[in-house]
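Just so we're on the same page: letters track the sequence lines, and every chain starts at 1.
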Amino acid sequence: MKTTDLTKLTIAEASAGLKNGDFTSVELTKAFLDKIKEKDKEINAYITVTSETAMEQAKHADEMIKNKEIYPLTGIPCAIKDNILIKGVKCTAGSKFLENYIATYNATVIEKLEKMGAVFLGKTNLDEFAMGSSCENSAFFPTKNPRDLERVPGGSSGGSAAAVAADMCVYALGSDTGGSIRQPASFCGIAGLKPTYGAVSRYGLIAYASSLDQIGPLTKNVTDAKIVFDAIKGSDPMDSTSINSEIKNNLDKLRIGVPKEYFAEGLDKEVEKAIKEAIDIYKELGAEIVEISLPMSEYALACYYIIAPAEASANLARFDGLRYGKTIKDEEAEKIIDIYLKNRTNGFGKEVKKRIMLGTYTLSSGYYDAYYKKALKARTLIKQDFEKAFEKVDVILGPVAPCLPFKIGEKSDDPMSMYLADIYTVSVNLAGLPGISIPCGKSESGLPIGMHLIGAPFEEEKLLSIASLFEKKYDNK
Amino acid sequence: MISEEEIRNIAKLSYLEIKDEEIDEIRNKFSSILEYVKKLQELDVSDIAETANLSKTENVFRGDVAKEKDPEDLLSALSRKKDNYMQVKKILYNEDN
């Protein structure tokens with residue numbers, strides 16, 4: 001094998017190397033652990049590195065390969081966002097509340113990967129309970145963008161995106177509630193897929209907003225995203241929203257919808273230029289570009305910031321510090337209510353408290369109709385917008401984020417300016433659609449820009465093929 | 001802007017304590033979000049059905065089969081325990097003591 005740096009390999013390349021006997025999973029895993037040791041001091045992508053178990057898993061994978069029991073992810077080292085449970089490994093969700101929590105069971109996605117002989121290098125940083133767009137809301141430390149260390153990697157799956165971009169794993173899993181896979185993928189210049197709602201089981205994912213959350217891959221390219229998606233998808237008795245659906249791909253004449261609303265005020269000029277160049281590439285490839293309208297787009301963010309906190313306030317009610325996640329000393333509480341109050345006050349960070357309170361407010365009597373109910377109805381309209389669009393086009397193309405990766409600290413004081421980073425991604429979660437972010441250009445200063453492709457429900461196969469068409473052309477440019 | 005009293009009431013409902021010096025910041029941030037989401041009031045949604053979730057409507061059934069689990073896994077996470085039971089602080093008390 002010629003490649004000197006094993007950490008640069010994609011899943012497909014690494015898997016081929018393992019199969020050929022060019023190197024072993026133990027060698028591959030060792031290369032990544034060394035890379036993490038060397039590089040993560042400055043990036044801070046990992047909260048926990050599980051070197052010992054990773055080496056054991058690698059040995060096991062090498063056995064499997066020797067016995068010709070080879071799956072596409074056998075022996076491939078990956079990173080897992082720290083809100084997905086791996087039995088016996090600390091799982092913090094980026095929160096002080098769970099600082100010492102050891103997971104007591106495996107998430108279904110972990111179970112599936114483990115059966116294929118995956119190697120887990122560790123758990124990656126995130127905004128606390130996945131609430132944020134920059135990784136700055138982690139209770140432990142901010143993660144830095146490997147492409148520019150002064151900037152954020154995006155969020156909330158910022159640790160996963162940074163780990164992939166800095167070659168500190170081959171691929172990573174993240175979760176996406178309003179853009180948390182796609183936006184960091186865009187900021188770090190890698191691929192990130194948010195599957196259709198229900199395509200992947202969420203059992204073992206620490207819930208943020210259950211009608212929006214999905215687990216998905218962050219990878220070096222589209223081919224890898226497909227490999228991981230195929231490995232983790234499918235119905236699961238432990239998540240009643242997960243279903244086995246035929247993932248469709250019926251592509252005759254490619255029609256790409258470009259919503260005029262996505263190019264309105266607030267879009268960074270350099271991002272706009274890169275997206276328009278991507279549209280030209282699709283034209284060259286023979287696609288028909290159709291201007292479409294998604295008139296409800298301007299309401300998506302408002303809708304999201306009612307629905308997501310409302311669901312979060314219910315989901316996070318379970319954190320009382322009794323069964324897990326204690327943050328106070330016994331003598332600090334006399335009555336049970338003191339335990340709840342002190343653990344929660346002490347354990348949750350500012351953004352999490354704000355969202356819990358916001359959700360509590362919009363669900364409380366007197367405000368329920370004006371806020372929550374109204375948002376559920378607006379959600380129907382947003383969904384219908386997309387349904388109408390997909391009668392005319394195969395996929396919808398636009399920017400992932402309206403801005404370039406911003407500097408650490410730049411937006412942390414103004415909640416609305418931070419929330420606006422998700423303006424293009426949240427509607428996809430509200431409508432339950434699959435969406436992928438792939439690199440499509442760079443700013444003059446060299447910062448990555450991502451393109452967002454949105455598909456109809458359960459058309460991941462088609463979405464990935466269309467993304468792949470672009471990627472091949474773009475890589476050869 | 002949302003009142004201090006309202007913020008304190010929401011905090012109470014959320015089982016969160018708020019320090020006096022935090023009140024202003026929370027009121028400000030809260031208000032800026034509420035101001036933004038007011039945008040939805042522009043929409044006429046009187047005839048529109050609600051979308052609370054996207055899952056298929058049919059129920060999913062599975063057999064109620066007991067599985068062997070190691071209780072130690074769960075017990076080890078408890079903050080206080082006694083003889084393999086979770087131990088908690090006083091649950092019944094008068095509001096004033």
Side-chain angles (χ1 to χ4, degrees), chain A residues 87 101-102 104-105 197-198 210-211 237 240-241 243 298-299 301-303 305-306 313 317 320-326 330 333-342 344-345 348 353-354 356-358 360-361 364 370-371 373-381 383 414-416 419 430-432, chain B residues 2 6-7 9-19 22 25-26 28-30 32-43 45-56 58-63 69-70 72-80 86-93 97:
Chain A
K87 190 176 175 175
Y101 171 66
I102 308 284
T104 57
Y105 64 97
Y197 186 78
S210 304
S211 82
S240 66
T241 65
I243 59 173
E298 62 171 310
Y299 300 102
L301 200 62
C303 184
Y305 275 102
I306 292 174
S313 72
D320 53 20
L322 295 178
R323 288 149 303 151
Y324 41 74
K326 177 189 166 168
D330 279 351
E334 191 197 334
K335 300 171 289 202
I336 197 158
I337 184 130
D338 299 332
I339 298 188
Y340 301 154
L341 276 171
K342 290 198 189 319
R344 290 168 67 81
T345 302
F348 292 140
K353 283 180 194 160
K354 191 174 73 195
I356 290 174
M357 287 175 58
L358 200 59
T360 305
Y361 178 75
S364 62
Y371 289 104
K373 221 169 164 179
K374 189 114 196 183
L376 293 185
K377 291 180 170 189
R379 185 174 187 179
T380 305
L381 294 174
K383 200 167 151 250
D414 179 4
M416 274 328 300
Y419 292 177
L430 290 167
Chain B
I2 192 161
E6 271 183 297
I7 289 285
N9 185 44
I10 303 162
K12 195 177 158 201
L13 291 172
S14 311
Y15 281 133
L16 292 168
E17 281 173 345
I18 291 183
K19 293 193 191 94
E22 293 171 332
E25 191 193 335
I26 295 174
N28 280 331
K29 289 196 171 172
F30 220 85
S32 80
I33 296 165
L34 288 180
E35 193 54 44
Y36 181 81
V37 301
K38 266 200 193 126
K39 203 175 168 49
L40 289 185
Q41 306 308 329
E42 296 167 8
L43 289 173
V45 289
S46 41
D47 298 330
I48 308 294
E50 295 163 22
T51 301
N53 69 72
L54 301 154
S55 41
K56 305 272 162 185
E58 60 273 14
N59 256 327
V60 178
F61 293 99
R62 65 179 159 85
K69 295 261 180 186
D70 186 357
E72 249 329 291
D73 286 345
L74 285 173
L75 290 168
S76 64
L78 296 182
S79 64
R80 299 169 81 212
M86 179 164 86
Q87 195 177 23
V88 297
K89 294 273 180 179
K90 224 192 301 185
I91 287 174
L92 298 172
Y93 48 86
N97 78 32

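Although no hydrogens or angles enter the test, the distance criterion places no donor-acceptor pair under 3.5 Å between the side chain of A:Glu334 and the main chain of B:Lys90.
Put simply, NZ on B:Lys38 and NZ on A:Lys374 are 13.0 Å apart, with the number rounded to the nearest 0.5 Å. Taken to the nearest 0.5 Å, the CZ atom of A:Phe348 stands 7.0 Å off from the CG atom of B:Leu16. Annotation: the span from B:Met86 atom CE to A:Arg323 atom CZ amounts to 6.5 Å, rounded to 0.5 Å. We find the OH-OG distance between A:Tyr419 and B:Ser32 to be 8.0 Å, quoted to the nearest 0.5 Å.
At a 4.5 Å heavy-atom cutoff, A:Tyr105 makes no contact with chain B through either its backbone or its side chain. In this structure, chain B has a heavy atom under 4.5 Å from the backbone of A:Ala431, while its side chain stays farther away. Heavy-atom distances place the side chain of B:Glu6, and not its backbone, under 4.5 Å from chain A. Within the 4.5 angstrom heavy-atom criterion, only side-chain atoms of B:Glu25, from C-beta onward, approach chain A. For a residue to count as touching a neighbouring chain, one of its non-hydrogen atoms must lie under 4.5 Å from one of that chain's; by this rule B:Ile26 touches chain A with the side chain only. Both the backbone and the side chain of A:Thr380 come within less than 4.5 Å of a heavy atom in chain B. Of the atoms belonging to B:Leu75, not a single heavy atom falls under 4.5 Å from chain A. For chain B, the nearby parts of A:Tyr361 are the backbone and the side chain; heavy atoms of each come within less than 4.5 Å. For a residue to count as touching a neighbouring chain, one of its non-hydrogen atoms must lie under 4.5 Å from one of that chain's; by this rule A:Lys373 touches chain B with backbone and side chain alike.
What you find for A:Glu298 and B:Tyr36 is that their closest heavy atoms are O-OH, 4.4 Å. Nearest heavy-atom pair, B:Lys89 versus A:Lys335, reported as atom, atom and distance to 0.1 Å: CB-C, 3.8 Å. B:Asp73 and A:Lys87 make their closest contact through OD2-NZ, 3.2 Å (heavy atoms, listed as atom of the first residue, atom of the second, distance). Of all heavy-atom pairs spanning A:Ser211 and B:Ala52, the tightest one is CB-O, 3.6 Å. Smallest separation of non-hydrogen atoms from B:Ile7 and A:Met357: O-CE, 3.8 Å. Taking each heavy atom of A:Lys377 and B:Ile48 in turn, the nearest pair found is CE-O, 3.3 Å.
No more than 12 heavy atoms of other residues, nucleotides or ligands sit less than 6.0 Å from atom NZ of B:Lys12. Counting heavy atoms of neighbouring residues, nucleotides and ligands inside a 6.0 Å radius, atom NZ of A:Lys353 exceeds 12 of them.
Counting heavy-atom pairs under 4.5 Å between each of B:Leu13, B:Asn28, B:Leu34 and chain A puts B:Leu34 at the top. Ranked by heavy-atom pairs under 4.5 Å with chain B, the list A:Leu322, A:Ile306, A:Ile356 is led by A:Leu322. When each of B:Glu22, B:Lys29, B:Glu72 is scored by its heavy-atom pairs under 4.5 Å with chain A, the top score falls to B:Lys29. Note on A:Leu301, A:Asp338, A:Asp320, A:Ile102: by heavy-atom pairs under 4.5 Å with chain B, the leading option is A:Leu301.
If you run side-chain contact (heavy atoms from CB on, under 4.5 Å) between A:Leu358 and each of B:Val37, B:Ile33, B:Ile10, only B:Ile33 comes through.
The aromatic rings of B:Tyr15 and A:Tyr340 sit tilted relative to each other, their planes meeting at an angle between 30° and 60°.
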Just do the side chain to side chain contact (heavy atoms under 4.5 Å, CB included) check on B:Lys19 and A:Thr345 with the steps written out, would you? CA-CA 10 Å; B:Lys19 293 193 191 94; A:Thr345 302; over 6 Å; no

